[in-house]
Student: 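My questions all concern the structure below.
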Amino acid sequence: MVRGKTEMKRIENATSRQVTFSKRRNGLLKKAFELSVLCDVEIALIVFSSRGKLYEFSSSSIQSTIARYGERSREDTRKSIMEQDVQQGKMEADCLLKKIELLETSKKQLLGEELESCSLDELHDIQGNIEQSLQKIRKRKYHLLQGQISQLEEKVASLLKENESLREQSKLLPQLPTGAFKEVTPCPSYPNVSTHGDHNDVETELRIGFPGRGSHGVAV
């Protein structure tokens, strides 16, 4: 008699379900034991029935096997996260490189370079972008000029105010009397000095000889 293939779905009959569980549970535990002995592997098997009853098998210790599994699982998780980070980093780097290339191309096109591959619509868009940039530049330039003009106007107003203040202070200074300045009289004349206008002629007499011998001296 050929045994038919069992359909893999939940057994609705509770009795049949319990009988099948008992048979297959014992077979599973037996196969786990045989595998651990024949192949020298570490096996931990935990089974909870539908009623919450625990069945377990371990070739060494359930706790040590679970701890080993948890450590290995964490290592695998860390490796997986690192691999995902590396892969994401590569994707981000490729994306940045593409953006840089696009920016370089856009920059050159705005400077009027590498326009051969551009279509008419692309050239129209580039022209529009340049005009918008020029409008922003002019607006910024006008704003800076207005600021400089305002500063100059404030400086001029401050100088005018300072000048007016100095003028008022000069009016409060005491005035010198009219007779403060006197005419300087010329020095008294000396013998043998004659004055002619702005030039003074001085008569000098040179005598050669010993002092006191007036008749023997030579006049020059």
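The analysis underlying the following values was restricted to heavy atoms, covering all of them including side chains, and did not include hydrogens, waters or symmetry mates.
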Student: Are Leu28 and Asn26 side-chain neighbours, meaning at least one heavy-atom pair lies under 4.5 Å?
Tutor: no
Student: Does Lys161 offer a backbone N or O that forms a donor-acceptor pair with the side chain of Ser165 under 3.5 Å?
Tutor: no
Student: What is the distance from atom CG of Leu166 to atom CD of Glu162, rounded to the nearest 0.5 Å?
Tutor: 5.5 Å
Student: Treating Glu122 as the side-chain partner and Ser119 as the backbone partner, does any N or O pair qualify as donor plus acceptor under 3.5 Å?
Tutor: yes
Student: Step by step, would you call Leu35 with Val41 a side-chain contact (heavy atoms from CB on, under 4.5 Å)?
Tutor: CA-CA 7 Å; Leu35 182 62; Val41 295; 4.1 Å; yes
Student: Could you check if a side-chain atom of Leu144 sits within less than 4.5 angstrom of a side-chain atom of Tyr142, using non-hydrogen atoms only?
Tutor: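 SC-SC contact between Leu144 and Tyr142 ruled out.
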Student: Minimum heavy-atom separation for Ile62 to Phe57, with atom names?
Tutor: CD1-O, 3.7 Å
Student: Between Ser50 and Phe21, is there a side-chain heavy-atom distance shorter than 4.5 Å?
Tutor: no
Student: Rounded to the nearest 0.5 Å, how far does CG of Leu134 lie from CG of Asn129?
Tutor: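 Taking CG in Asn129 and CG in Leu134, the distance rounds to 11.0 Å.
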Student: More than 12 non-hydrogen atoms from neighbouring residues, nucleotides or ligands closer than 6.0 Å to CZ on Phe33, yes or no?
Tutor: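 Open.
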Student: As an exercise, state the distance from NZ of Lys31 to CG of Leu38, rounded to the nearest 0.5 Å.
Tutor: 9.5 Å
Student: Measuring from Leu45:CG to Thr65:OG1, what's the distance to the nearest 0.5 Å?
Tutor: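 Reported to 0.5 Å precision, the distance equals 11.0 Å.
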Student: Are Leu110 and Leu123 connected in the hydrophobic side-chain network, where two residues link if heavy atoms are under 4.5 Å apart?
Tutor: yes
Student: Between Tyr55 and Arg25, is there a side-chain heavy-atom distance shorter than 4.5 Å?
Tutor: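 A side-chain contact under 4.5 Å exists here.
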Student: Do the side chain of Ser106 and the main chain of Leu102 share a donor and acceptor less than 3.5 angstrom apart?
Tutor: no
Student: Would you check if the side chain of Ser64 reaches a backbone N or O of Ser61 as a donor-acceptor pair within less than 3.5 Å?
Tutor: yes
Student: Using a 6.0 Å cut-off, check whether atom CZ of Arg68 has over 12 heavy atoms from anything other than its own residue.
Tutor: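 Count not over threshold, so no.
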Student: Distance-only criterion, 3.5 Å: show the donor-acceptor pairs between side-chain atoms of residues 69-76 and protein atoms not counting sequence neighbours.
Tutor:
{"residue": "Arg72", "atom": "NE", "partner": "Asp76", "partner atom": "OD1", "Å": "3.4"}

Student: Quick check: do Leu115 and Gln109 have side-chain heavy atoms less than 4.5 Å from each other?
Tutor: yes
Student: Let me confirm one number: the CD-OG distance from Glu56 to Ser58, rounded to the nearest 0.5 Å.
Tutor: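 Between Glu56 CD and Ser58 OG, I get 8.0 Å after rounding to 0.5 Å.
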Student: What about Ile130 and Ile137, same hydrophobic cluster or not, with Ile/Leu/Val/Met/Phe/Trp/Tyr joined at side-chain heavy-atom distances under 4.5 Å?
Tutor: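 Each belongs to a different hydrophobic cluster.
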Student: Can you check salt bridge (charged side-chain N to carboxylate O under 4.0 Å, His left out) on Lys107 and Glu113, steps first, answer last?
Tutor: CA-CA 9 Å; Lys107 177 182 176 181; Glu113 301 176 358; over 6 Å; no
Student: Could you tell me which non-hydrogen atom of Glu12 sits nearest to which non-hydrogen atom of Arg17, and how far apart they are?
Tutor: O-NH1, 3.3 Å
Student: Provide the full list of side-chain hydrogen bond (donor to acceptor under 3.5 Å, both in side chains) pairs with a residue in residues 144-159, sequence neighbours left out, each pair given once.
Tutor: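 Sorted result for residues 144-159: empty, none.
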Student: So, the side chain of Asn163 versus the backbone of Leu159: is there a donor-acceptor pair under 3.5 Å, distance only?
Tutor: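 No: the side chain of Asn163 does not pair with the backbone of Leu159.
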Student: Using a cut-off of 6.0 Å, state whether more than 12 heavy atoms not belonging to Glu168 lie near its atom CD.
Tutor: yes
Student: I'd like to know whether CZ of Arg51 has more than 12 heavy-atom contacts from other residues, nucleotides or ligands below 6.0 angstrom.
Tutor: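 Check fails, neighbour count at 12 or below.
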Student: Okay, side chain of Ser59, backbone of Ile43: is any donor-acceptor separation there less than 3.5 Å?
Tutor: yes
Student: When rounded to the nearest 0.5 angstrom, what distance separates OG1 in Thr77 from NZ in Lys79?
Tutor: 11.0 Å
Student: Are Ile11 and Val19 linked, directly or through other ILVMFWY residues, by side chains that come within less than 4.5 angstrom of each other?
Tutor: no
